[in-house]
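Before any comments, here is the structure.
In what follows, every chain begins at residue 1, and chains take the letters A, B, ... in the order their sequences are listed. Owing to the predicted nature of the structure, the values given are computational and were not obtained by experimental measurement.
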Amino acid sequence: MSETIKERSLNFVEEIVEADLKSGKHNGRLLTRFPPEPNGYLHIGHAKSICLNFGLAQKYGGGTNLRFDDTNPVTEDTEYVDSIKNDLRWLGFSWTNEMYASDYFDQLFKYAKKLITKGLAYVDDSSAEEMATQKGTPNAPGDESPYRSRTVEENLSLFDGMANGDFAEGSRVLRAKIDMSSSNMLMRDPIIYRIKFAEHHRTGNKWCIYPMYDFAHGQSDSIEGITHSICTLEFVSHRELYDWFLEQLEIFPSKQYEFARLNLTYTVMSKRKLLQLVNEGHVNSWDDPRMPTISGMRRRGYTPKSIVDFCDRIGIQKRDNLIDVSLLEFFVREDLNKTSTRVMAVFEPLKVVITNLPDGVVEPCSLENNPEDLESGHRTVNFTKEIYIEQGDFMKEPPAKYFRLSPGKMVRLKGAYIIQCDEAIENEDGSIKELHCSYIPSSKSGADESGIKVKGVIQWVSATEGIESEIRIYDRLFKVEDPSSEEGDFKEYINENSLEVLTAYVEPSLKDAKPGDRYQFMRNGYFVPDTDFSSKKLVFNKTVGLKEGFKVG
RNA sequence: UGGCUUAUGGUGUAAUGGUAACACAGCGGUUUUUGGUGCCGUUAUUCCAGGUUCGAGCCCUGGUAAGCCAACCA
């Protein structure tokens, strides 16, 4: 094979990085950052950003800081810090430094004073409503605040007063003095500090004033020496302000670049909406397997590799996108197909009596653990006189090309024998009660001398040795592709039937399943032990189904 | 009556002035002791109108459409 692997083309951020590296900017140093606010759990959209930021550093020999953007104590909590770090590690990334915007509160306070001293910031006593009016609209310029012309000395003293707790929450703010008629609303004297008598998860009660995002993020980047500060598209108009602060403060000129956030079909991706789903009980928790959170996907059975591969494939761009969830499912199937142990489970049992197998006989059968992995070995499953098969694997009057069981027809029981259906015993209502079949003794799997060729191979579970297990099957959370763009509230489009719980018979080996084990229930799908799993009560989550070929009806 | 950003098959991503390609999805075939996997094949694409050029998805002009911006959120 002499195929030349075509070099993967660069996305626009990589092009910028390569150009900067080539031109010797920052002496070839590269430092990115992943800046979550600790007010919610990470989701698949964050994974895109994580793969970009950490991936860039890995590819070009730089570093990535994990920085918690914790400037709003009202919504933030250490619980979220821990979950974010846990998710990041699980995805397989390690950060250069663990940082907190709150570590810079002292420095930020000094920066604010510097701005005041330069005549570029002032304390404003206007109410929120008054300031909103002053702001104007995107189509009309704003008006200057009556407090805009306070002296440097007065501003300095008032700002100290704010920090000392002399003023009531909401009574005063510090604003940058820029341009009330700018076409960019963010440049119309943005608020940079507000009073909040709230306990911060790290600084406790040290502060009662907290910087706004725009007065914290760029400066934090600058303090850390971040070379490429990558964020999502809604921050494009913040860039002008970002640059303005760093320039006026005369500090390290980090640069901001923006890419389009990820949207996935049949789900929502904003933390606000996900929080609503949790708080209003539409799902059970942040790590509910239906959630697009990293923790939910982990519990659902997604692998880190499948998520990283997905992020790699969707690329980085500036246009809005809505990615088909089937692409995500492709990557998890691709990974799980190679790595998961094959086992047998029956969800809708139909009893089969093997009439020519004597009572009490137990016939050990050897089954491959994974045909895709020759190292995975074999296990023994016992064949007994009474077994269960899937109801759908028998039809009294089968359609054309139906390869499973029907009166007089044969199928192979996976890893065991070929059986023939001799008689279907019916209940009074005409439904099938059980099947009487005979097995072909010379057809044992691996030693088949019968010469019989059958097209159908089905899974089965011994009725005497199989064990019961709870199975949780998940469907898409929403009934429409893009709930956020539909009329009305997104919650009107919730799929009420996204969770189905049933009881199945599974082969005995699953009693020893452990968290993190991954299984393919043959001819069905991929399943993982849930966090509720115990050897006394087996609980499996369905990650994703196998691709379906032939469909009856 | 503004500013900014974007526009390539059904979905997503390439093509960096020179044959519009790759993945997913779909469809068909083949292999198979999973109707899975693998392998092979196949359908379908440059928002519109002008312009520059030997040549335009790419450059220019003008439209159109979509997204973002008026939180003491990030």
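- Spacing between B/rG12 and B/rA7 at atom P, rounded to whole Å, works out to 12 Å.
- Ion pairing between A/D124 and A/R175 holds under the 4.0 Å rule for side-chain N and carboxylate O.
- Remark: A/K401 is not positioned above the aromatic ring of A/F550, lacking an NZ or CZ atom under 6.0 angstrom from the ring centre and at most 45 degrees off the axis.
- For B/rC73, one of the phosphate oxygens OP1 or OP2 lies less than 4.0 angstrom from a side-chain nitrogen or oxygen of A/R194.
- Taking 4.0 angstrom as the limit, A/S237 places none of its side-chain polar atoms (N or O) nearer than this to OP1 or OP2 of B/rU5.
- Here the nucleotide nearest the side chain of A/K547, chosen from B/rG67, B/rC69, B/rG26, is B/rG26.
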- Task: Represent RNA chain B in dot-bracket notation, 5' to 3'. Only Watson-Crick or G-U wobble pairs with both distances under 3.5 Å count; pseudoknot-style crossings use [ ] and interstrand partners use |.
- Result: .((((((..((((....[..)))).(((((.......)))))....(((((..]....))))))))))).....
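- Separation of the P atoms belonging to B/rG3 and B/rA44 is 42 Å when rounded to the nearest angstrom.
- In this structure, A/E390 does not pair ionically with A/R523, as no charged nitrogen and carboxylate oxygen lie closer than 4.0 Å.
- Geometrically, A/R313 does not engage A/F331 in a cation-pi contact, judged by NZ or CZ lying under 6.0 Å from the ring centre and within 45° of the ring axis.
- Remark: aromatic rings of A/Y213 and A/H217 are close, center separation under 6.0 Å.
- Within the nucleic acid shown, A/T71 comes within 4.0 Å of sugar-phosphate atoms alone, with no base atom in reach, counting heavy atoms only.
- Nucleotides B/rC27 and B/rA20 have their P atoms positioned 29 Å apart, rounded to a whole Å.
- In this model, the phosphate group of B/rC73 is approached by a side-chain N or O of A/K196 to a distance below 4.0 Å at OP1 or OP2.
- For A/Y439 and A/Y417, the gap between ring centers is short of 6.0 Å.
- Within the 4.0 angstrom heavy-atom criterion, no nucleotide atom of any strand lies near A/E258.
- Look at the C1' atom in both B/rA71 and B/rU13: the space between them is 35 Å, to the nearest Å.
- When the C1' atom is compared between B/rA21 and B/rA15, the two are found 7 Å apart, to the nearest whole Å.
- Of the two residues near RNA chain B, A/Y193 and A/E234, the one whose nearest nucleotide lies more 5' is A/E234.
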